[in-house]
Colleague: 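Sending over a structure as C-alpha cells; questions will come in a sec.
Quick caveat: nothing in here was measured; it's all calculated off a predicted structure. Every chain is numbered from 1 and lettered A, B, ... according to where its sequence line falls, protein lines coming before strand lines.
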Amino acid sequence: MRASRFLTKTLRQDPGEAESASHRLMLRAGMIHQVAAGVYAYLPLALRSIHKIEQIIREEMDAAGGQEVRMPALHPIEVWAETGRDEAMGETLFRLRDRRDRELVLAPTHEEVITAIARANVESYRDLPLLLYQIQTKFRDEPRPRAGLLRGREFDMKDAYSFDTGAEALDVTYQRVREAYRNIFRRCGLPTIEVEADSGAIGGKDSHEFIVRAETGEDTVLLSPGGYAANVERATSVPPPAPEGEPLDMELVDTPGVTTIAALSELLGIPESQTLKAVFYHADGETVLVTIRGDLEVNEVKLRNHLHVRELRLATAEEAAAAGLTPGSTSPVGLAGIRRIGDPTIRQGSNFAAGANRPDQHYRNVNYPRDFEVDETVDVATAQAGHEAPDGTGTLEAVRGIEVGHVFKLGTFYTRTLGAEYTDEDGKLNAPVMGCYGIGTTRVLAAAIEQNHDDKGVIFPAPIAPFQVHLIALNADDAEVSKQAEALYAELEAAGHEVFFDDRVESAGVKFNDADLLGFPVRVVVSPRNLKSGVVEIKRRRDADATKVAPDAVERTVGELLAQDAL
RNA sequence: CGGGGUGUAGCGCAGCUCGGUAGCGCGCCUGCUUUGGGAGCAGGAGGUCCCCAGUUCGAGUCUGGGCACCCCGACCA
C-alpha cells in the first residue's frame, strides 16, 4: 500500500477529546473516526488490525471444534421478554419501533437467539456437544462510554456458546475454550492474566476473565505470589488481624457529630479495625443490614450473589429510618425485625466500637455474639492489596487491567426457560448445559495499544499490526531513491510481507514521526545518503538503533526481524 | 443518574469579565527554495462562533431553555 494513496491523515497534536493512550493514538494515527459517544468508524488501519484479530480467533475457535454462525442484530422484544432479560438489561438495551409500531431491540448479546437455534437443531445427545460462535457488532447503551474503543456502545465481539449433556461434559468444553483463549491471546502478542471472576446471579460455578495489564484498565485484579488470581468482585482474602483482648463491659459513649468510621476511630483513639461498620441496603424492596469490620468495605457483588436479588443499592435515609435505623450511628446492637447479615470479620477482633442507633452516640466494647446477633454470616468483604492471600502464599497485590475475554458456565437457565431439550441415552428429555465465552475484538485492539506504546506512538505486536513493514523513501522525488524503494516495495510484497510504502514527498522528520506513530514492527529507510554507501537502513519499532544492509539483503533481514518480533 | 468540564475553520486553541469589521498555531492549495527527526519565504482557500428564544440600534460575547461531547463514581467484552 502506498502512503500517497492511503486514506487517513495523522494528526500532529493530540485531540482534545482523548485521555487514554489508545484513544489518543488511534485518533492521531487516523485509525478511527468518532460518530457519536461510544460509536466509531473503523478506518483502514484499524480494520486491518481487527481482521487479523478475528482471523486468529476464527482459527483457534475452529480448532476447538467451534462453528461460526451469524445472528441478527435486530430482535423483536419478545425474544428478550421470554427470559425476562428485557427487564434485567433495563436501560442498557437499545430499543426502537418499526413502522407497525412493533418494539425491537438492538442485540447486546445473543444467548436467547442461540438457544432458539439449539432448540430447533438439537434433538439427541448425539447432537452434543455443540459449540457455536459469532463475531459481530453488539449494542449496549452503556451508562458511560469511555476511552474510545475500550468501552463503546457499538462494539465488536466474538461470542461463543456451548451446549453439553451435563456438568462433566461442559467442563471439558470449558477447558477446551480456555485453552483456545490462551492460544488466541498468545498469538495476538498480548500477555494476559487469567483470573477467577464472578459468574453472576444466574451463573454456574466457574468463570474466568482474561485481563490485559494496563493502568487505564477499569478492572482491578488481585494476585498472590503463589499464583492465586481473581478480580476484585470475586477475590477472597484474610484481612489483617484486629486487636484482641478480654471482653469488657459494653458502654455508651457520646460522639457528637461523628458519622463516619474514620471520625469514630479518631475520636476514640482506636484503629478502624476495632470498629464495626453497619451498612444498610435496599434489596428488592427489603432493607438489609450488613455488619462488617470498620476497616473493610462491603463487596456488593458478593452480597448480591448471596441475596439472589435483582435490585441492590444503598438504602436511602428515609428507607433506613423506616426500618428503625439511624444513619451515622447505625448498629446491629439491639436491632431486630430486619434481615441481618454479618461478615466473618465481626468475630476477628474484640471490644469493637459500633453505632448505637441514636444520633451522636456509639457503643464501646461491643462483642459478637455477646452483644448482637446476625441472621447469617457470609463473606461479603472486599479483598484488598496487602491482605493475606487465600492460598496462604503471601500478601495480595492489586493490579489494574482491561478485561478482553470472559468465559463462564451458564448452566441451564436459557435452555430450560426457552425449552431447548435433547433426548438422552435413556430416552429422557434433558436441558443442555450451556457455557458462554466472549472476546471483545475491538477492545482487544485498544488494549493492545494501551499495553504497547511509547511517547512517540503505537508499538504494534506484529501479528495484529496493520502492516508488517514501513518502507520509507526519503527524498522520494530523487530518481535513485525512487528506483531503489520501488524495487524493494515490489520485492517485499512479492515475498508476502504487508508493506506500507511511504512514497510521499515529505520531509524526513514527517515520515519518521509518522512511522513511529503508526508503529508497524519493522521500518526500512531508503535515502540518498545511504544509497551512496550502497546500503539500506532497517530498524524494529521497538529498538533504538538501526542496522544497515545491502539492498539484496533487505528481504531476508526483514524476515529475520519479524521472526524475532513474533517471540 | 449524581459531580466536574467543554462546544469558535479539518485539528489544537484565544477572543466572552468590559456587546461594535472573527483571530492565532498546525493542516490544506499555488509558486520558488530546502531535504536524515514534524523546513523557509511569498501568495491563497476555508466559519450556520452547537441549536432555539430573548435583551439590544447591534450578540461569539449578556439572559433563559435545549442539545452534544469529554472526564470522575454505580454496569460489562
Colleague: On RNA chain B, does the nearest nucleotide to A:V526 precede the nearest nucleotide to A:S20 from the 5' side, or the other way round? Give the residue.
Modeller: A:V526
Colleague: A:G90 near the nucleic acid: base, sugar-phosphate alone, or nothing, with a heavy-atom cut-off under 4.0 Å?
Modeller: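 The answer is nothing, as A:G90 stays clear of every strand by at least 4.0 Å.
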Colleague: Within the structure, does a side-chain N or O atom of A:R146 lie under 4.0 Å from either OP1 or OP2 of B:C76?
Modeller: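 The answer is no; no side-chain N or O of A:R146 sits under 4.0 Å from OP1 or OP2.
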Colleague: Please check this pair: side chain of A:K52 against backbone of A:P463, looking for a donor-acceptor N/O pair closer than 3.5 Å.
Modeller: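 Not at all, since once roles are kept as given, no pair shorter than 3.5 Å links the two residues.
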Colleague: Can you check the A:R529 CZ to B:G37 C1' distance for me, whole Å?
Modeller: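 Atom CZ in A:R529 sits about 11 Å away from atom C1' in B:G37.
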Colleague: Under 3.5 Å, is there an N or O donor on one side and an acceptor on the other linking the side chain of A:D14 and the base of B:G12?
Modeller: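 Answer is no: no donor-acceptor pair is held.
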Colleague: May I ask which nucleotide in the shown strands pairs with B:G23, Watson-Crick or G-U wobble, both distances under 3.5 Å?
Modeller: B:C13
Colleague: Which is true for A:A515 with a 4.0 Å heavy-atom rule: it touches a base, it touches only sugar-phosphate, or it touches nothing?
Modeller: nothing
Colleague: Atom CZ of A:R151 to atom C1' of B:C71: distance rounded to whole Å?
Modeller: 15 Å
Colleague: For A:Q484 and B:G36, what is the distance between atoms CD and C1' respectively, to the nearest whole Å?
Modeller: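 Taking atom C1' of B:G36 as the reference, CD of A:Q484 is at 17 Å.
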Colleague: Starting at the 5' end of RNA chain B, which residue's closest nucleotide do you reach first, A:R144 or A:D159?
Modeller: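 Its nearest nucleotide lies further toward 5', so the answer is A:R144.
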Colleague: At 4.0 Å (heavy atoms only), tell me whether A:E91 reaches a base, stays on the sugar-phosphate, or touches nothing.
Modeller: nothing
Colleague: With both distances kept under 3.5 Å, what pairs with B:G73, Watson-Crick or G-U wobble?
Modeller: B:C1
Colleague: Does any N or O in the side chain of A:N231 come within less than 3.5 Å of the main-chain N or O of A:V221, such that one atom is a donor and the other an acceptor?
Modeller: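 Checking the backbone N and O of A:V221 against the side chain of A:N231, no donor-acceptor pair under 3.5 Å is found.
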Colleague: What is the base-pairing partner of B:C32, counting Watson-Crick and G-U wobble geometry with both distances under 3.5 Å?
Modeller: B:G40
Colleague: Just name whichever nucleotide pairs with B:U56, Watson-Crick or G-U, keeping both distances under 3.5 Å, else none.
Modeller: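 Result: none.
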Colleague: What's the CZ-P distance between A:F408 and B:A77, to the nearest Å?
Modeller: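 Value for this atom pair: 6 Å.
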Colleague: Measure distances between side-chain N and O atoms of A:R523 and base N and O atoms of B:G37, and say whether any donor-acceptor pair falls under 3.5 Å.
Modeller: yes
Colleague: Do the side chain of A:K511 and the main chain of A:R504 share a donor and acceptor less than 3.5 angstrom apart?
Modeller: yes
Colleague: Paired with B:U61: which nucleotide, if any, by Watson-Crick or G-U wobble criteria at under 3.5 Å for both distances?
Modeller: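 In the structure as shown, B:U61 has no Watson-Crick or wobble partner.
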Colleague: Cation over ring, A:K138 on A:F155, under 6.0 Å and within 45°?
Modeller: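 Relative to the ring axis of A:F155, which defines the angle, A:K138 lies outside at least one limit.
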Colleague: Heavy atoms only, 4.0 Å cut-off, all strands: where does A:P143 land among base, sugar-phosphate and nothing?
Modeller: base
Colleague: Roughly, in whole Å, what's the span from CG in A:D514 to C1' in B:G36?
Modeller: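 Rounding to the nearest Å, CG of A:D514 and C1' of B:G36 are 15 Å apart.
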Colleague: Does either side chain, that of A:T137 or that of A:D156, offer a donor lying less than 3.5 Å from an acceptor on the other one?
Modeller: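 Note: A:T137 and A:D156 side chains meet the donor-acceptor criterion.
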Colleague: Under 5.5 Å between ring centres and under 30° between planes: true for A:F155 and the base of B:A77?
Modeller: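 Yes; by the centre-distance and plane-angle rule, A:F155 counts as stacking on B:A77.
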Colleague: Report, one line per pair, each donor and acceptor closer than 3.5 Å where one atom sits in a side chain of residues 446-459 of chain A; sequence neighbours left out.
Modeller:
| from | atom 1 | to | atom 2 | distance (Å) |
| --- | --- | --- | --- | --- |
| A:E450 | OE1 | A:T216 | OG1 | 2.7 |
| A:E450 | OE2 | A:S20 | OG | 3.4 |
| A:E450 | OE2 | A:S22 | N | 2.9 |
| A:E450 | OE2 | A:S22 | OG | 2.7 |
| A:N452 | ND2 | A:A448 | O | 2.8 |
| A:H453 | ND1 | A:I449 | O | 2.9 |
| A:H453 | ND1 | A:E450 | O | 3.1 |
| A:D454 | OD1 | A:K456 | N | 2.8 |
| A:D454 | OD1 | A:G457 | N | 3.0 |
| A:D454 | OD1 | A:R541 | NH2 | 2.8 |
| A:D454 | OD2 | A:R541 | NH1 | 3.0 |
| A:D454 | OD2 | A:R541 | NH2 | 3.4 |

Colleague: Between B:A77, B:C11, B:G27, which nucleotide gets closest to the side-chain atoms of A:L11?
Modeller: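 Of B:A77, B:C11, B:G27, B:C11 is nearest to the side chain of A:L11.
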Colleague: Whole-Å distance between B:G37 C1' and A:E506 CD?
Modeller: 13 Å
Colleague: Could you check whether the side chain of A:N475 and the base of B:G36 have a donor-acceptor pair of N or O atoms closer than 3.5 Å, going by distance alone?
Modeller: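 Flag unset: no donor-acceptor pair detected.
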Colleague: Between B:G38 and A:R12, is there an OP1 or OP2 to side-chain N/O distance shorter than 4.0 Å?
Modeller: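 False: A:R12 side-chain N/O out of range (4.0 Å or more) of B:G38 OP1/OP2.
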Colleague: Under 4.0 Å: is that the gap between some side-chain N or O of A:S527 and OP1 or OP2 of B:G36?
Modeller: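 Indeed not, no polar side-chain atom of A:S527 lies that close.
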Colleague: Indicate whether OP1 or OP2 belonging to B:G38 is found under 4.0 Å from a side-chain N or O atom of A:Q13.
Modeller: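 Looking at the OP1 and OP2 atoms of B:G38, neither is under 4.0 Å from any side-chain N or O of A:Q13.
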Colleague: Take atom CG of A:L27 and atom P of B:G12, then tell me their distance rounded to the nearest Å.
Modeller: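 Whole-Å distance recorded here is 9 Å.
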Colleague: In this structure, how many angstroms lie between the P atom of B:A77 and the CG atom of A:L149, rounded?
Modeller: 17 Å
